[in-house]
Number of protein chains: 2
Amino acid sequence: MNKLAIPSQLDTTILAETFRLLGDPTRLRILFFCLDEPRSVGDIATSLDLSQSLVSHHLRLLRGARLVRGNRQAKQIFYELADKHVSDMLVDMAHHVCEESGED
Amino acid sequence: MNKLAIPSQLDTTILAETFRLLGDPTRLRILFFCLDEPRSVGDIATSLDLSQSLVSHHLRLLRGARLVRGNRQAKQIFYELADKHVSDMLVDMAHHVCEESGED
DNA sequence: CAAACATATCAATAATTGTTCATATGTATG
DNA sequence: CATACATATGAACAATTATTGATATGTTTG
């Protein structure tokens with residue numbers, strides 16, 4: 001079915017932008033931390049030992065790319081992965097990387 | 001089945017490294033160009049309008065991460081994706097990104 | 001509405017990384 | 001073995017980006 005043609009240069013740039021955002025250890029840790037349940041900014045910062053400012057900056061980038069989504073609940077804002085696509089993608093990639101040794 | 005635990009900080013770094021390499025438009029274009037058939041360095045450079053040096057530098061990084069693999073054939077070296085994992089991953093991600101609008 | 005708390009933003013710095021140009025290595029051919 | 005060709009490497013530069021510290025915005029509670 002849907003065989004993938006070589007993406008246009010524009011598409012490639014958009015795709016690369018997503019990869020780029022996932023390509024930072026701090027951001028990846030934040031994403032995995034929010035994978036199972038929504039987490040407040042403060043919780044993320046404390047649990048991952050990052051400054052509140054840094055977490056906020058990264059969340060902004062992730063929000064901008066619609067990789068995460070935040071819900072305000074009183075004073076706190078709880079972030080979670082934006083949708084199932086994103087979480088599947090993360091999990092898949094993690095598996096891909098674990099299974100490093102290929103069949104070739 | 002295999003539910004994914006939160007990766008260790010080390011694993012996260014390794015995973016991020018892979019994402020990071022995919023997160024550059026030039027490298028992604030090179031990868032997609034080599035997706036269907038092996039391509040020589042010169043062919044890549046000409047077809048994608050990049051300097052030979054630049055292509056070679058990027059190929060080195062991709063080789064280092066075992067994302068591509070090169071076969072010498074006389075004077076030329078033909079690069080292709082390292083294995084099916086890598087190509088599947090690329091195609092999957094491209095689909096994920098195309099289907100941007102989630103079910104949430 | 002002031003004080004306390006949680007998150008976001010701004011400006012500046014430090015570190016990383018993509019790109020270029022010059023040159024080296026390796027390979028075939030006359 | 002010299003020349004031409006294809007790719008790789010090294011040093012330097014330019015640009016991008018992660019991180020920090022200080023401060024602003026927004027939200028609740030007394």
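The chains referred to below are lettered A, B, ... by the order of the sequence lines, with proteins before strands, and numbering in each begins at 1.
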Sugar-phosphate, base or nothing in reach of A:Gln52, heavy atoms under 4.0 Å: base
Heavy-atom donor-acceptor pair, B:Ser53 side-chain to D:dT9 base, under 3.5 Å: yes
Atom-pair distance (CD1 on B:Ile30; C1' on C:dG18), nearest Å: 12 Å
B:Thr12: which of A:Thr26, A:Leu28, A:Leu31 passes side chain to side chain contact (heavy atoms under 4.5 Å, CB included): A:Leu28
Side chains of B:Val91 and B:Leu35 in contact at under 4.5 Å (non-hydrogen atoms): yes
Sidechain-backbone polar pair: A:Asp11 side chain, A:Ile14 backbone, donor-acceptor under 3.5 Å: no
Minimum side-chain heavy-atom gap B:Asp43-B:Gln76 below 4.5 Å: no
Side chain proximity check, A:Arg69 to A:Glu80, heavy atoms < 4.5 angstrom: yes
Presence of A:Thr26 side-chain N/O under 4.0 Å of D:dT19 phosphate oxygens OP1/OP2: yes
Residue closer to the 5' end of DNA chain D, A:Ala74 versus B:Asp43 (nearest nucleotide): B:Asp43
Under 3.5 Å donor-acceptor, A:Arg39 side chain and A:Ile44 backbone: no
Backbone of B:His95 reached by a side-chain donor or acceptor of B:Asp92 within 3.5 Å: no
Neighbours of DNA chain D within residues 17-24 of chain A, by heavy-atom distance under 4.0 Å: A:Arg20, A:Asp24
Atom-to-atom span, CD of B:Gln73 to P of C:dT27 - whole angstrom: 14 Å
Atom-pair distance (CD on B:Gln76; C1' on D:dA4), nearest Å: 14 Å
Any A:Arg27 side-chain nitrogen or oxygen under 4.0 Å from OP1 or OP2 of D:dA18: yes
Whole-Å distance separating the NZ atom of B:Lys75 from the C1' atom of C:dT27: 7 Å
Touch class at under 4.0 angstrom, heavy-atom based, for A:Tyr79 against every strand present: sugar-phosphate
A:Arg27 side chain to A:Leu21 backbone, donor-acceptor under 3.5 Å: yes
Side chains of B:Phe32 and A:Leu15 in contact at under 4.5 Å (non-hydrogen atoms): yes
Whole-Å gap separating P (C:dT7) and CG (A:Asn71): 13 Å
B:Leu50 CG - C:dG18 P separation (whole Å): 13 Å
DNA chain D contacts among residues 56-64 of chain B, heavy-atom distance under 4.0 Å: B:Ser56, B:His57, B:Arg60, B:Arg63
Nearest-angstrom distance from the residue atom CZ of B:Arg69 to C1' of D:dT7: 19 Å
Whole-Å gap separating C1' (D:dT28) and CD1 (A:Ile77): 14 Å
